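These figures come from a predicted structure and were not determined experimentally. Each ligand, and each atom within it, is numbered from 1 in the order the structure gives.
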Amino acid sequence: MQEKINDLLRRVEEFAPKAAAEIEEFRIKMMGKKGEITALMEEFKSVAPELKREYGQRINALKQTTLAKINALKEEAAAKVEEEVKIEDMSRPGSAEQLGSRHPISIVKNEICEIFSRLGYTIADGPEIEDDRHVFSSLNFPPEHPARDMQDTFFIEKISNEPNVNDILLRTHTSSIQVRTMEHQKPPIRVICPGRVFRNEAISYRAHCIFHQIEGLYIDRNVSFADLKQSLLYFAKELFGEKTQIRMRPSYFPFTEPSAEVDVSCNLCGGKGCPVCKGTGWLEILGCGMVDPNVLTANGIDPNEYSGFAFGMGVERIAMLKFGVKDLRLYFENDVRFLHQFDSVL
Ligand code: PHE
């Protein structure tokens, strides 16, 4: 019997399974109903009474050693399984993440800002909720001036009973940022002001009540209309290509004098005339002019010492011309099938 116990003990100690399934097999072989250790218990019954104590202890020790070994092996195997689960199955088909893309309005806005930053302009920011002064009064719109009708405004709050004084409204153009810049900065001033603007317009393929503008302001000594024209020509060539030409048509804005609308030669037909330029060969892209001396005075800048020019454009319109988008509403729907068409432009 002693020999059998020693033999089993040795086998338990030497047991080294190659697969997890072998552990349970081994347990059954040793401690199952017909197991070898179980059989040893049967044999124990016929051991002489004076030896029972000694053999009893040895068999117990054998059982405990066997159980401890089996449990340790099982724990080890379970930990291994867990570890294997953690390691990615390299052959599994990938689950590709859908990548977002930059919005075409952002693409064009960034490009325009970059072009002007090369000319030394810095970017200025301002609030979308404004007061009458920053949007109208200090831009030479007197209270009853009919030019106010040019802007269909969303008014938020009326603070004074006097007409147009201190009204709180959504800005209709980012010229308000230019006013804020003049308030806080002495010339030379060279800023561009990108931002959202709001007008009470019916939504259609060519108009929206929210859109994006980029306006620019340059004030220094001896700034002339020729500087304005050359800056805008450079801008147009950078944005639409080296062959692009510009033309200026007289126009009116309360805050500039003289004022002009600027057209670029149609980049689709090269100026021959096509449906996009309605056969004219020209596309209107922005408004501009020399800052009205009244605006300079209203904002604490001496018009006898300084002069300047300003310009403003709609980002949606430029993006439509650049990408051939025919319906402005597409920019606001955020349909990924539309947006993904601009992935390669980035
Ligand atoms: N503020 C004008 C607009 O919103 C654009 C503009 C800016 C025109 C500066 C001339 C000079 O339409």
Q) Quick one: does F255 get a heavy atom under 4.0 Å from ligand 1? A) yes
Q.
Test of understanding: given a 4.0 Å heavy-atom threshold, classify the contact between A310 and ligand 1 as side chain, backbone, both, or neither.
A. both
**Q.** Check: E215 and I177 side chains under 4.5 Å, non-hydrogen atoms
**A.** no
**Q.** Min N/O separation T256 to ligand 1 under 3.5 Å
**A.** no
Q) What is the distance from atom CG of L330 to atom CD of Q341, rounded to the nearest 0.5 Å? A) 9.0 Å
Q | Candidate pair E24 and R27, rule salt bridge (charged side-chain N to carboxylate O under 4.0 Å, His left out), full reasoning | A | CA-CA 5 Å; E24 182 60 9; R27 189 192 66 81; 3.0 Å; yes
**Q.** Gap between atom NE2 of H173 and atom CD of E130 - 0.5 Å precision
**A.** 9.0 Å
(Q) Among E36, E43, E42, exactly one meets salt bridge (charged side-chain N to carboxylate O under 4.0 Å, His left out) together with K4. Which residue is that? (A) E43
Q: Using a strict 4.0 Å cut-off to heavy atoms of S175, name the atoms of ligand 1 that fall inside it.
A: 1 (N)
**Q.** The one among H173, R171, R199 that brings a heavy atom closest to atom 12 (O) of ligand 1
**A.** R199
Q.
Tell me the nearest of F311, Y252, F253 to atom 8 (C) of ligand 1, using heavy-atom distances.
A. F253
**Q.** Spacing of F235 atom CZ and I115 atom CD1 [to the nearest 0.5 Å]
**A.** 5.5 Å
Q) Would you say Q213 touches ligand 1, if touching means a heavy atom closer than 4.0 Å? A) yes
